[in-house]
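As structure tokens, the structure follows; a few thoughts come after it.
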Protein chains: 2
Amino acid sequence: MKKITIGDASRQSGVKVPTIRYYEGIGLLAAPSRSEGNQRSYEPADISRLVFIRHARELGFEVEAIRTLLTLQDDPHQSCASADAIAKARLIEVEQRIRSLMALKVELEAMVEGCGHGRVDQCRVIEVLADHGQCAHPHHGLQASSLSVS
Amino acid sequence: MKKITIGDASRQSGVKVPTIRYYEGIGLLAAPSRSEGNQRSYEPADISRLVFIRHARELGFEVEAIRTLLTLQDDPHQSCASADAIAKARLIEVEQRIRSLMALKVELEAMVEGCGHGRVDQCRVIEVLADHGQCAHPHHGLQASSLSVS
DNA sequence: CTTGCACCTCTAGTCGCTAGAGGATGTAGG
DNA sequence: CCTACATCCTCTAGCGACTAGAGGTGCAAG
């Protein structure tokens, strides 16, 4: 009978208040019951769900993937093949991302090192950007593809 | 006097047609002259600028950073300290990102490996997400912070 | 002269939130 | 009981960097 306000839910789960409402809006979290004054009232299970979501987001899973993972969690007798597949796909994404970023790192290091700290016309930073042929490493085919988790 | 259409500019620079128009809209690229029929007509210098922009975007520089880099390029007698600083900041971002992703990789690997390929109630993927205490590595403080380049 | 592609503008959508306006509710102190 | 004040409510708009689509015009080849 303890009523958990959205603020408490936020503090307990680590998910910000507007984000909780957002998750409700997109159907990740069921709409909770309301108090007489129309305020959301959560239960412990909702907190767990929010922690689950937050954790998955921190791992870089997309909301759609989390939606699938949550339906799996809701029915524990299902095969976990989908969860497995989602995690594996995410792992492959992360590995690719790391490879790309390593290539970027090498190139940025060369740019920064090559900068004579003088005038722009001797600056390798600008030069490399202007002329792709100067690249330390080719990295064509890199395409912006979302997903952050800094 | 060769007139470069937006389609040719796209093919030569590797920047998509709508993206070129977008860059014009946000002022990264000057509005080119127009043909009688109101079609954009580019010059070789515009292609170079587009290549510069594309390359910088591939390296993960934000549009605002590129704006600065372009003004530096336009005046080659300036000090390149700003370009240097921008590249260094980007390098630090990339290094941080790599570290975070390595931590994610470790955790995802543990999840995937721990999956018994049975039912959900034995699945470590779901379990780890539900209970942060199961994490192989702590990665709190990770906050989504934009910037992709897959 | 017609077919068909490339071009034009404009608006709206993507993702995962975040910020702000403007108002209602809940709680603690006087 | 009244007043602050924090917290809650809904709603809309904005972020970055594009992308997609509607609805219309230009142009070159057959």
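In what follows, every chain begins at residue 1, and chains take the letters A, B, ... in the order their sequences are listed. Computed from a predicted structure; not experimentally measured.
A salt bridge does not link R21(A) to E24(A): none of the charged side-chain nitrogens sits closer than 4.0 Å to a carboxylate oxygen.
With hydrogens and angles disregarded, a donor-acceptor distance shorter than 3.5 Å links the side chain of R90(A) to the backbone of L59(A). Under a 3.5 Å cut-off, the side chain of S13(B) and the backbone N or O of L50(B) do not form any donor-acceptor pair. The closest donor-acceptor contact from the side chain of R57(B) to the backbone of F61(B) lies under 3.5 Å. At distances below 3.5 Å, at least one donor-acceptor pair connects side-chain atoms of D46(A) with backbone N or O atoms of E43(A).
Residues from residues 19-35 of chain A with heavy atoms under 4.0 angstrom of DNA chain D, sorted by number: R21(A), R34(A). Within a heavy-atom distance below 4.0 Å of DNA chain D, no residue of residues 7-15 of chain B is found.
Candidate nucleotides dG16(C), dC9(D), dC8(C) were compared by shortest atom distance to the side chain of I6(B), and dC8(C) ranks first. Each of dT9(C), dC8(D), dA17(D) was ranked by its minimum atom distance to the side chain of R40(B); first place goes to dT9(C).
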For R49(B) and D74(B), what are the C-alpha separation, side-chain angles and deciding distance, and is it a side chain to side chain contact (heavy atoms under 4.5 Å, CB included)? CA-CA 10 Å; R49(B) 204 170 172 92; D74(B) 291 344; 3.1 Å; yes
Between L91(B) and E109(A), does the side chain to side chain contact (heavy atoms under 4.5 Å, CB included) criterion hold? Intermediate values first, please. CA-CA 7 Å; L91(B) 180 55; E109(A) 275 166 348; 3.8 Å; yes
Pair R54(B)-E58(B), salt bridge (Lys or Arg N to Asp or Glu O under 4.0 Å): steps then yes or no: CA-CA 6 Å; R54(B) 194 206 45 168; E58(B) 282 172 354; 3.7 Å; yes
Does L28(A) form a side chain to side chain contact (heavy atoms under 4.5 Å, CB included) with Y22(A)? I'd like the steps, not just the answer. CA-CA 9 Å; L28(A) 263 200; Y22(A) 170 73; over 6 Å; no
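Between T5(B) and dA6(C), a side-chain N or O to OP1/OP2 separation shorter than 4.0 Å is absent. Put simply, K16(B) has a side-chain N or O that comes within less than 4.0 Å of OP1 or OP2 on dT19(D).
What separates CD1 of I66(B) from C1' of dC18(D) is a distance of 13 Å, to the nearest Å. When rounded to the nearest whole Å, the span between NZ of K3(B) and P of dG26(D) equals 14 Å. The distance between atom CD of E36(A) and atom P of dT27(C), rounded to the nearest whole Å, is 11 Å. Whole-Å rounding puts the E58(A) CD to dC17(C) P distance at 11 Å. As rounded to whole Å, 17 Å separates atom C1' of dG16(C) from atom CZ of F61(A).
With values rounded to the nearest 0.5 angstrom, H55(B) atom NE2 is found 13.0 Å from I53(B) atom CD1.
Contact between S10(B) and V15(B) at its shortest, heavy atoms only, is OG-O, 2.7 Å.
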Scan nucleotides 21-24 of chain C against the protein and return all N/O pairs shorter than 3.5 Å with their distances rounded to 0.1 Å.
none

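Of the two residues contacting DNA chain D, namely I53(B) and N38(B), the nearest-nucleotide position lying further toward the 5' end is that of I53(B).
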